[in-house]
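Beneath this line is the structure, given in structure tokens, with notes to follow.
In what follows, chains are A, B, ... by sequence order, proteins preceding strands, each numbered from 1.
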Protein chains: 2
Amino acid sequence: MRLVIARCSVDYVGRLSAHLPMATRLILVKADGSVLVHSDGGSYQQPNWMSPPCRQEESPGSWRVVNKGGEELRITIEDVLHDSTHELGIDPGLKKDGVEAHLQELLAAQVHLLGMGWRLVRREYPTAIGPVDLMCRDEGSGAVAVEVKRRGDIDGVEQLTRYLELLNRDPALSPVRGVFAAQEIRPQARVLAEDRGIRCVTLNYDAMRGIELEGTLF
Amino acid sequence: MRLVIARCSVDYVGRLSAHLPMATRLILVKADGSVLVHSDGGSYQQPNWMSPPCRQEESPGSWRVVNKGGEELRITIEDVLHDSTHELGIDPGLKKDGVEAHLQELLAAQVHLLGMGWRLVRREYPTAIGPVDLMCRDEGSGAVAVEVKRRGDIDGVEQLTRYLELLNRDPALSPVRGVFAAQEIRPQARVLAEDRGIRCVTLNYDAMRGIELEGTLF
DNA sequence: TTGTTGATTTCGCAA
DNA sequence: TTGCGAAGTCAACAA
């Protein structure tokens, strides 16, 4: 990894055109050849960059980074304040926990949280417009489509509504009810869901994980 | 801006949990206090970070960065290979060109691409639930609402559907047809749109820009 | 402050 | 490879 602090201007021409006027910035060159330009403040993201795989041509005062797709990053350098290279080695990678997939998995193992006597038919139940997160049968064997979200938004209600509309065209399943389950449900989403006869359930991630952990103890 | 190259492990606890095992990485501290951790390869984005505003507590071998929302980034440092601080000053900011607004502008100037004899009524046609990108009249003077996207997704179809539903309540306009125009249209979005009687049109940005450029030549 | 929408979204998974 | 949906989405802008 190479770190350069320099007074520079940057132009990107590719999927769009972007221009950074002359100023002092950090230019970061990774081992895979990708180039990132960072300012000191403003957004925490890089204001300009070129994603790998890409090729770099360096001449005094001017860098040119070209992508396979014809995208181009051109850096004009007026003054270099710092330039150092460091050997970092490979990174073992990031482990994430607590995302939607995990939430879905936890709920699939605990469908009784939705109602006594409920059972899971299958996860990722396929339809023509995409998979339903959980398909269940309630205590009276009625079909229920469950949409799981980390944050329950209007989009999620729309998504579940589309599934329900489609599933209810199938005489073998109909009537299919809907449950919208999320860690947080925004008021607007809740209103819309309930207006459409969809039940809203707030999930407690820690409690669900706790139950799961308990289960593994015995 | 402070640059630290160090052998470290990183833990984030907040909206989710994430862990980076011990390895050599770049730790970048910006003037606003935000902290970014970069590996040398893999994804070109930062694998772990804390966005501003945040507060940093540094003790030998351990950093703790805390957010207002109770999110926490904990960096355990085993060995420091480099540590330097640089004064960058303020950044003038980024200028972009060629995004959706541009696409809409181009299509507005070339509504004949949608059909012979079509004319533009106006861009950003106002409704109670937001502006319709383009309102047109077709060859038979029928009203047509056009939604322009760079990537045509189901969300865009839903958006246009809401506009059409509202517009068709107005006897002075009704019937209003819909056109969904985008550089790329995803199959599921196309299915949904056509199921609702909305015409899908794929836009060729380069060709549209080319025509525009030609136009300026004469 | 809150909500909405676009993004060079990026990223990961699965068909 | 391509398609599709989630993201600690982020960030800009309007209400």
Measure from CG on B/Leu94 to P on C/dA7 and round the result to the nearest Å.
13 Å
Nearest-nucleotide check on DNA chain D, B/Ile185 vs B/Asn48; residue mapping nearer the 5' end is B/Ile185
If the threshold is 4.0 Å, N to carboxylate O, is there a salt bridge linking A/Arg25 and B/Asp91?
yes
Name the residue closer to the 5' end of DNA chain D, choosing between B/Glu71 and B/Pro187 according to the nucleotide with the nearest heavy atom.
B/Pro187
Would you indicate which nucleotide in C/dT5, D/dG5, C/dT8 comes nearest to any side-chain atom of A/Ala18?
C/dT8
Please pick, from D/dG8, D/dC4, C/dT10, the nucleotide with the shortest atom-to-atom distance to any side-chain atom of B/Arg186.
D/dC4
Could you give the CG-to-P distance, from A/Leu73 to C/dT8, as a whole number of Å?
14 Å
Has A/Arg15 got a side-chain N or O lying under 4.0 Å from the OP1 or OP2 atom of C/dT10?
yes
Rounded to whole Å, how long is the line connecting atom CE of A/Met50 with atom P of C/dT8?
13 Å
So do the side chains of A/Leu3 and B/Leu26 get within less than 4.5 Å of each other, counting heavy atoms only?
yes
Ring center gap for B/His19 and B/Tyr12 short of 6.0 angstrom
no
Do any side-chain nitrogens or oxygens of B/Gln188 fall under 4.0 Å of OP1 or OP2 in D/dG5?
yes
Whole-Å gap separating P (C/dC13) and NZ (A/Lys96)
10 Å
Consider the side chain of B/Glu100, meaning its heavy atoms from C-beta on, and name the nucleotide among D/dG8, C/dG6, D/dA6 that approaches it most closely.
C/dG6
Determine, for A/Glu158 against A/Arg162, whether the closest basic-nitrogen to carboxylate-oxygen distance falls under 4.0 angstrom.
no
Using atom P of each nucleotide, how far apart are D/dC4 and D/dG8 to the nearest Å?
22 Å
Rounding to a whole Å, what distance do you find between A/Glu158:CD and D/dG5:C1'?
16 Å
For D/dA14 and C/dT8, measure between their C1' atoms and round to the nearest Å.
25 Å
Rounded to whole angstrom units, what separation is found between the NE2 atom of B/His102 and the P atom of C/dA7?
13 Å
Between P on D/dA6 and CG on A/Leu103, what's the gap in Å once rounded to a whole number?
12 Å
Using whole Å, report how far CG of A/Asp133 lies from C1' of D/dG5.
10 Å
Ranking B/Gln159 and A/Tyr12 by the position along DNA chain C of their nearest nucleotide, the one closer to 5' is B/Gln159
Only one of B/Asp133, B/Val132, B/Leu107 forms a side chain to side chain contact (heavy atoms under 4.5 Å, CB included) with B/Val146, so which one is it?
B/Leu107
